[in-house]
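Report on the structure given below.
Below, read A as the first sequence line, B as the second, and so on, with proteins coming before strands; counting in each chain starts at 1.
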There are 2 protein chains.
Amino acid sequence: MARQPTSDAIARPGPPTAHDVARLAGVSQSAVSRSFTPGASVSEKTREKVLKTAKELGYRPNLIARSLITQRSNLIGVAIPHLGNPFYATLLEALSEDLAEHGYRAMLFPAPMSAFVDPLIEEMLSFRLGGLILVSSSLSSGLAEECLRIGLPVVQVNRVSSRGTVSTIVGDNRGGAAQVAEFLVAGGHERIAYMAGLEASSTNHDREEGFTECLARHGRSLSHRVVANYSAEQARDHARILLARPDRPDALFCANDHMAIAVLSVARAEFGLVPGRDISIVGFDDTRLSAMPEFSLTTFRQPVIEMARDAADVLHRMISAPDAEATRTVLPGELVIRGSARLPG
Amino acid sequence: MARQPTSDAIARPGPPTAHDVARLAGVSQSAVSRSFTPGASVSEKTREKVLKTAKELGYRPNLIARSLITQRSNLIGVAIPHLGNPFYATLLEALSEDLAEHGYRAMLFPAPMSAFVDPLIEEMLSFRLGGLILVSSSLSSGLAEECLRIGLPVVQVNRVSSRGTVSTIVGDNRGGAAQVAEFLVAGGHERIAYMAGLEASSTNHDREEGFTECLARHGRSLSHRVVANYSAEQARDHARILLARPDRPDALFCANDHMAIAVLSVARAEFGLVPGRDISIVGFDDTRLSAMPEFSLTTFRQPVIEMARDAADVLHRMISAPDAEATRTVLPGELVIRGSARLPG
DNA sequence: CTGAAAGCGCTAACAA
DNA sequence: TTGTTAGCGCTTTCAG
């Protein structure tokens with residue numbers, strides 16, 4: 001591997017630096033830097049010469065060094081829960097593509113869905129990231145303030161926090177859940193149950209509240225309520241118990257599709273129930289699976305793709321305009337009626 | 001940008017630096033650095049003092065600056081295709097967790113499954129990443145050599161390349177496919193078809209070869225062959241055509257579960273076929289979906305979790321021992337017999 | 001064990 | 001338009 005220590009271009013290990021290019025091109029090192037900076041002041045001749053020798057040497061600007069001086073990287077930390085839930089898988093994919101379009105890169109932080117992700121963020125901060133996207137998780141108010149203080153833009157997706165210092169993008173959890181309730185009541189169901197997600201989450205809170213409040217407006221209330229923490233496993237377990245009861249619900253609204261599909265599967269395979277006839281099951285999200293004929297899940301669609309795009313856009317805006325206000329976006333969704341729940345009328 | 005040359009602890013923007021801590025703790029900046037370096041030579045007293053004031057100030061070492069000098073980051077670039085395929089979603093999740101265990105972080109690069117990912121990698125290289133994990137994609141030989149030259153460890157998962165300069169982790173594609181062929185022949189099928197994935201991929205190549213060679217040993221050959229490029233959509237389209245044929249196959253081996261499930265769904269929903277009775281469908285991977293009663297897909301299991309762990313381990317080893325040889329790992333799998341294919345005998 | 005000093009590769013004033 | 005000069009925040013010799 002040892003290179004010949006020739007006259008000028010001596011062999012150091014590692015990739016070539018701007019200095020190497022400068023020497024070989026007979027210009028100053030700053031000329032090299034400028035040649036790689038979009039709006040910089042360089043003559044076309046110089047830039048060409050530089051770019052040419054850069055290519056010869058295989059030179060690429062060191063982004064680490066760049067962000068050390070510019071005090072910000074184009075790295076965006078993305079905290080996202082369990083990718084086994086297709087909603088998150090889709091969101092992450094869209095997110096990383098949208099970020100890439102703005103010139104950012106996603107740094108992945110697998111995060112539990114639970115309330116706070118402070119320890120994670122602590123680590124993120126050491127990277128001097130350009131921004132943070134928190135999917136279904138929140139910062140403690142302390143950390144949120146620290147982010148604000150050091151000027152680190154944060155956007156939360158699919159979760160709202162009480163503090164107003166971070167931007168949020170959410171679906172219409174409350175309204176969507178109300179539409180589901182409306183639909184279920186109109187369908188003439190007798191015993192309407194709710195399967196909760198993570199109780200500490202704002203999504204669950206809003207969906208449950210929207211659901212039960214609408215029920216209440218019809219003079220109805222929940223026949224059963226179980227908590228499955230957005231986990232498919234727990235959803236299955238609860239389904240086995242719930243469906244075995246003599247007074248089992250004839251309608252079950254699950255706080256997300258991931259659980260709804262697990263429940264639906266158990267209902268059919270283990271209890272011989274026909275969804276949409278013997279029992280109505282409704283989810284929330286409208287993931288890829290839900291549309292398959294095997295599940296044909298009635299659900300409230302969240303516009304994942306738009307949520308991702310909005311998140312990337314908002315973050316980009318915050319990064320570009322450092323003292324912009326935090327924004328709150330609520331994206332509308334729609335009730336998608338399929339076969340898993342009895343129709344009204 | 002000009003800062004106020006105030007007395008001592010002036011208010012600068014941005015996070016505190018090692019200097020700030022040093023001044024406040026009454027030690028040198030190097031002492032601060034050492035206090036944060038695991039095996040460094042500092043007295044317990046100094047370290048304590050430093051750590052204490054560091055906490056007060058909310059100081060965290062700047063990893064960007066660190067990796068500028070150490071010439072390597074703990075960032076691992078992960079190129080991975082479509083997360084809509086649960087196999088990849090699971091792999092990515094496991095991967096990022098395993099990497100985290102070694103102290104690395106995953107930088108996400110959404111990559112097409114197609115043969116080469118050179119342009120992507122080009123960009124990765126500017127980040128001076130610590131290593132690269134390529135899932136289902138390859139480097140051109142030119143780039144592979146450049147990585148080798150600059151000492152960047154690369155491991156490919158679920159794909160092998162002709163060049164021996166990068167480490168690879170794959171499942172037993174050939175052997176697995178042969179087992180499927182064996183199983184299908186024993187099941188007494190008349191017209192056995194193959195749905196190919198991406199033709200340029202080594203996985204497809206190996207699976208197809210293993211499958212047809214085993215068939216040949218039994219004096220059999222493919223009745224049909226279609227190419228769906230590992231895409232669920234294309235799989236559906238092909239299924240519609242294939243199943244409408246008068247000489248439609250009575251057995252179809254799909255190069256992965258993602259396609260197999262799409263086919264199965266079409267067969268049942270649109271052609272009224274009962275998988276396992278009217279037609280046998282077999283996949284490859286054994287994703288989470290395949291085990292659901294709705295699909296009950298017979299398939300060859302690839303040990304995703306182990307693949308991820310191995311990839312992280314191998315990469316870690318390569319990073320720690322810079323001149324280690326590239327390794328090739330073939331992980332065994334197993335035929336998982338469920339209901340979607342007729343049983344022998 | 002500790003501090004001073006020299007950079008890592010780059011950008012950003014500042015002069016020329 | 002250019003080159004020169006300082007650093008960005010840190011690690012790492014090198015003296016002491």
Donor-acceptor contacts, no H, no angles, side chain residues 308-322 of chain A, under 3.5 Å, sequence neighbours left out:
{"residue": "Asp313(A)", "atom": "OD1", "partner": "His102(A)", "partner atom": "NE2", "Å": "3.0"}
{"residue": "His316(A)", "atom": "ND1", "partner": "Tyr104(A)", "partner atom": "OH", "Å": "2.9"}
{"residue": "Ser320(A)", "atom": "OG", "partner": "His316(A)", "partner atom": "O", "Å": "2.8"}

Could you pull out every donor-acceptor pair under 3.5 Å between side chains of residues 57-70 of chain B and any protein atom, sequence neighbours left out?
{"residue": "Arg60(B)", "atom": "NH1", "partner": "Glu122(A)", "partner atom": "OE1", "Å": "2.3"}
{"residue": "Arg60(B)", "atom": "NH2", "partner": "Glu146(A)", "partner atom": "OE2", "Å": "2.9"}
{"residue": "Asn62(B)", "atom": "OD1", "partner": "Ile64(B)", "partner atom": "N", "Å": "2.8"}
{"residue": "Asn62(B)", "atom": "OD1", "partner": "Ala65(B)", "partner atom": "N", "Å": "3.2"}
{"residue": "Ser67(B)", "atom": "OG", "partner": "Leu63(B)", "partner atom": "O", "Å": "3.1"}
{"residue": "Ser67(B)", "atom": "OG", "partner": "Ile64(B)", "partner atom": "O", "Å": "3.2"}
{"residue": "Thr70(B)", "atom": "OG1", "partner": "Arg66(B)", "partner atom": "O", "Å": "3.0"}
{"residue": "Thr70(B)", "atom": "OG1", "partner": "Arg72(B)", "partner atom": "O", "Å": "3.2"}

Within this structure, what is the [atom1]-to-[atom2] distance between [X] and [N], rounded to whole angstrom?
X: Ile69(A); N: dC10(D); atom1: CD1; atom2: C1'; result: 14 Å
X: Arg72(B); N: dT11(D); atom1: CZ; atom2: C1'; result: 14 Å
X: Leu68(B); N: dA6(C); atom1: CG; atom2: P; result: 18 Å
X: Arg23(A); N: dG3(D); atom1: CZ; atom2: C1'; result: 16 Å
X: Leu63(A); N: dT11(C); atom1: CG; atom2: C1'; result: 13 Å
X: Phe36(B); N: dT11(D); atom1: CZ; atom2: C1'; result: 14 Å
X: Asn62(A); N: dC8(C); atom1: CG; atom2: C1'; result: 9 Å

Below 4.5 Å, heavy atoms only, C-beta onward: do [X] and [Y] meet side chain to side chain?
X: Leu331(A); Y: Ile169(A); answer: yes
X: Leu134(B); Y: Leu139(B); answer: yes
X: Gln156(B); Y: Ser138(B); answer: yes

Closest nucleotide among [options] to the [X] side chain:
X: Gln71(A); options: dC8(C), dC8(D), dT11(C); answer: dC8(D)
X: Arg66(B); options: dG3(D), dT11(D), dT12(D); answer: dT11(D)
X: Tyr59(A); options: dC10(C), dT12(D), dG3(D); answer: dC10(C)
X: Gln29(B); options: dC10(D), dC10(C), dT4(D); answer: dC10(D)

All N/O contacts under 3.5 Å from nucleotides 14-16 of chain C to the protein, with atom names and distances to one decimal?
none

query = For residues Arg159(A) and Thr168(A), is any side-chain donor paired with an opposing acceptor at under 3.5 Å?
reply =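 Side chains of Arg159(A) and Thr168(A): no pair found under 3.5 Å.
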request  = Would you indicate what Arg60(B) reaches in the nucleic acid, counting non-hydrogen atoms under 4.0 angstrom: base, sugar-phosphate, or nothing?
outcome  = sugar-phosphate
ask   = Under 4.0 angstrom, heavy atoms only, what part of the nucleic acid is Val27(A) near: base, sugar-phosphate, or nothing?
value =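 It contacts sugar-phosphate atoms only.
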ask   = Which value, rounded to the nearest 0.5 Å, describes the distance between Arg105(B) atom CZ and Leu75(A) atom CG?
value =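 Reported to 0.5 Å precision, the distance equals 12.0 Å.
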inquiry  = Return the CG to CG distance between Asp118(A) and Leu143(A), rounded to the nearest 0.5 Å.
reply    =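 These two atoms lie 4.0 Å from each other.
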key: With sequence neighbours excluded, residues passing ring-ring contact (aromatic ring centres under 6.0 Å, His included) with His82(A)   = none
ask   = What salt bridge (Lys or Arg N to Asp or Glu O under 4.0 Å) pairs are there with at least one residue in residues 33-54 of chain B, not counting sequence neighbours?
value =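 Every salt bridge (Lys or Arg N to Asp or Glu O under 4.0 Å) pair that includes a residue of residues 33-54 of chain B, provided the two are not neighbours, is Lys52(B)-Glu56(B).
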Side-chain N or O of Ser30(B) closer than 4.0 Å to phosphate OP1/OP2 of dT2(C) =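 Checking Ser30(B) against dT2(C): no side-chain N or O falls below 4.0 Å of OP1 or OP2.
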query = Do the side-chain N or O atoms of Thr17(B) get closer than 4.0 angstrom to the phosphate oxygens (OP1, OP2) of dG9(D)?
reply = no
inquiry  = Just to be sure I understand the geometry, which residues of residues 40-57 of chain A put a non-hydrogen atom under 4.0 Å away from DNA chain C?
reply    = none
note = Per nearest nucleotide of DNA chain C, the residue lying toward the 5' end, Arg128(B) or Ala31(B), is Ala31(B)
